[in-house]
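Along the sequence shown, the residues carry numbers beginning at 1.
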Amino acid sequence: MAGYVCTVAGGKGGVGKTTTAVNVGAGLQEMGYDVAVVDADLGMANLGAMLAVEPEKSLHEILAGDAAVSEALTDAPGGLTVIPGEQSLEAFADADPAKLRKVIKTLRNAYDVVLIDTGAGLSHEVAVPLGLADGIILVTTPDDVAIGDTVKTAELADRIDGEVIGAIINRVTRHTDVADIADRFQFPLLAVVPDDPQATTDEPLVLNRPESHAADAYLRLTDALERLFFHGETVSEDIETIVDDSWFVEEEGEDGDAEDEDSGGVFGLFN
């Protein structure tokens, strides 16, 4: 049986697409699935640097016709297999996004889950992985521009018959009006990931700092996605938005009062 292909996308750079792909991938690997993560952000590849791995060959070389998929498979923390990209302009110019289809077909036949990390913006190189996915996860921060770009990415996915599973809001604080953001989406809100500056920057977070609130959110998200990918559950009927009020309670001694339930913050909205 072919594996499940999930594209992680979002219109704005720096919202946490790679972090989401890495942590969901590591979580699924821990659950016993064979997972491959592909860095399809051809312009600003950073998967290899994030995981501190140095591949023999890159995705760019595959897409330029200079390497086979098997040559670029790279072991990463947590048992993940990754195909990183390159950051040079020369590599970007030589890579043909259309060849990604063959890469993903090869990986789909070898792995239980293939996660495609995409670049920002609306372009051919972003549209290709949207069209290859069985399901698309959109990632945003509470930033208004990022939210608007995420909506545009969903519209692009719809035009090429891509299926958006839902969205994740990263870097949420107790002051974030989650309900207002969710109202702007024409797709489900899968999870809220709390802003967690105390967590380690060594990824995957779910392995290196599993006790952190952000890791807790990613692990709960992974559990929900596993049920969606493999057990026939649906977001509309079986999956509730993943959020926990305890992630946003201030530590004793911090300034400010706890967020009131009527203030428009996250508390009480998903109970």
Nearest atoms (heavy-atom pairs only) where E163 meets D134: OE1-O, 3.5 Å

CZ (R184) with more than 12 external heavy atoms under 6.0 Å: yes

Closest heavy-atom pair and its distance - V82, A76: CG1-CB, 3.9 Å

Heavy-atom closest pair, residues N23 and T222: O-OG1, 4.1 Å

Steps toward side chain to side chain contact (heavy atoms under 4.5 Å, CB included) verdict (V113, L225): CA-CA 11 Å; V113 181; L225 292 176; over 6 Å; no

Under 3.5 Å: donor-acceptor pair, side chain of T153, backbone of G11: yes

Contact list for residues 138-174, test ring pair (Phe, Tyr, Trp, His ring centres under 6.0 Å), sequence neighbours left out: none

Heavy-atom closest contact (I116 atom, P129 atom, distance): CG2-CB, 3.7 Å

Student check: side-chain heavy atoms of Y4 and D112 closer than 4.5 Å: no

Close side-chain approach of I83 to L107, heavy-atom, < 4.5 Å: yes

Listed pairs under 3.5 Å, donor-acceptor, residues 28-45 side chains, sequence neighbours left out:
from, atom 1, to, atom 2, distance (Å)
Q29, OE1, V35, N, 3.0
Q29, NE2, Y33, O, 3.4
Q29, NE2, G79, O, 3.4
Y33, OH, E226, OE2, 2.4
D39, OD1, D41, N, 3.2
D39, OD2, N46, N, 3.0
D39, OD2, L47, N, 2.9
D41, OD1, M44, N, 3.1

Side-chain touch L51/P204, heavy atoms, less than 4.5 angstrom: yes

Qualifying residue, where the test is side chain to side chain contact (heavy atoms under 4.5 Å, CB included) with V114 and the options are V103, T7, T106, I104: I104

CA sep, side-chain torsions, deciding dist, call: T19, M50, side chain to side chain contact (heavy atoms under 4.5 Å, CB included): CA-CA 8 Å; T19 298; M50 177 178 286; 3.6 Å; yes

Residues which pass salt bridge (Lys or Arg N to Asp or Glu O under 4.0 Å) with R227, listed by chain and number, not counting sequence neighbours: D223, E233

Main-chain N/O of A68 paired to E71 side chain as donor or acceptor, under 3.5 Å: yes

Side-chain heavy atoms of T74 within contact of E56, under 4.5 Å: no

Nearest-0.5 Å distance that lies between atom CG in D177 and atom NE2 in H175: 12.5 Å

Sidechain-backbone polar pair: D158 side chain, A154 backbone, donor-acceptor under 3.5 Å: no

Exercise: identify the closest heavy-atom pair between H124 and A98: NE2-N, 4.3 Å

Close side-chain approach of D149 and K152, heavy atoms under 4.5 Å: yes

Straight-line distance of D196 CG to R171 CZ, nearest 0.5 Å: 12.0 Å

pair L100-L59: side-chain heavy atoms closer than 4.5 Å: yes

D195 side, atom CG; F248 side, atom CZ - distance, nearest 0.5 Å: 9.0 Å

Path from I160 to I136 over hydrophobic side-chain contacts below 4.5 Å: yes

Flag, side chain of T241 to backbone of L189, donor-acceptor distance under 3.5 Å: yes

Interatomic distance, K12 atom NZ to I147 atom CD1 [nearest 0.5 angstrom]: 11.0 Å

Point-to-point distance, once rounded to the nearest 0.5 Å, from CD of E86 to CD of E61: 5.0 Å

Straight-line distance of E211 CD to L205 CG, nearest 0.5 Å: 8.5 Å

Short side-chain donor-acceptor distance under 3.5 Å, D244 and S246: yes

Check: Y218 and V22 side chains under 4.5 Å, non-hydrogen atoms: no

Neighbour count above 12 (heavy atom, 6.0 Å) for D75 CG: no

Working for salt bridge (Lys or Arg N to Asp or Glu O under 4.0 Å), residues K102 and D96: CA-CA 11 Å; K102 185 176 180 180; D96 179 3; over 6 Å; no

Residues T18 and D117: side-chain donor-acceptor under 3.5 angstrom: yes

H213 side chain vs P194 backbone, donor-acceptor pair below 3.5 Å: no

I62 vs K99 side-chain heavy atoms within contact, under 4.5 Å: no

N/O donor-acceptor pair under 3.5 Å between N170 side chain and V15 backbone: yes

For the student: nearest non-hydrogen atoms of P188 and V235, plus distance: CB-CG1, 3.3 Å

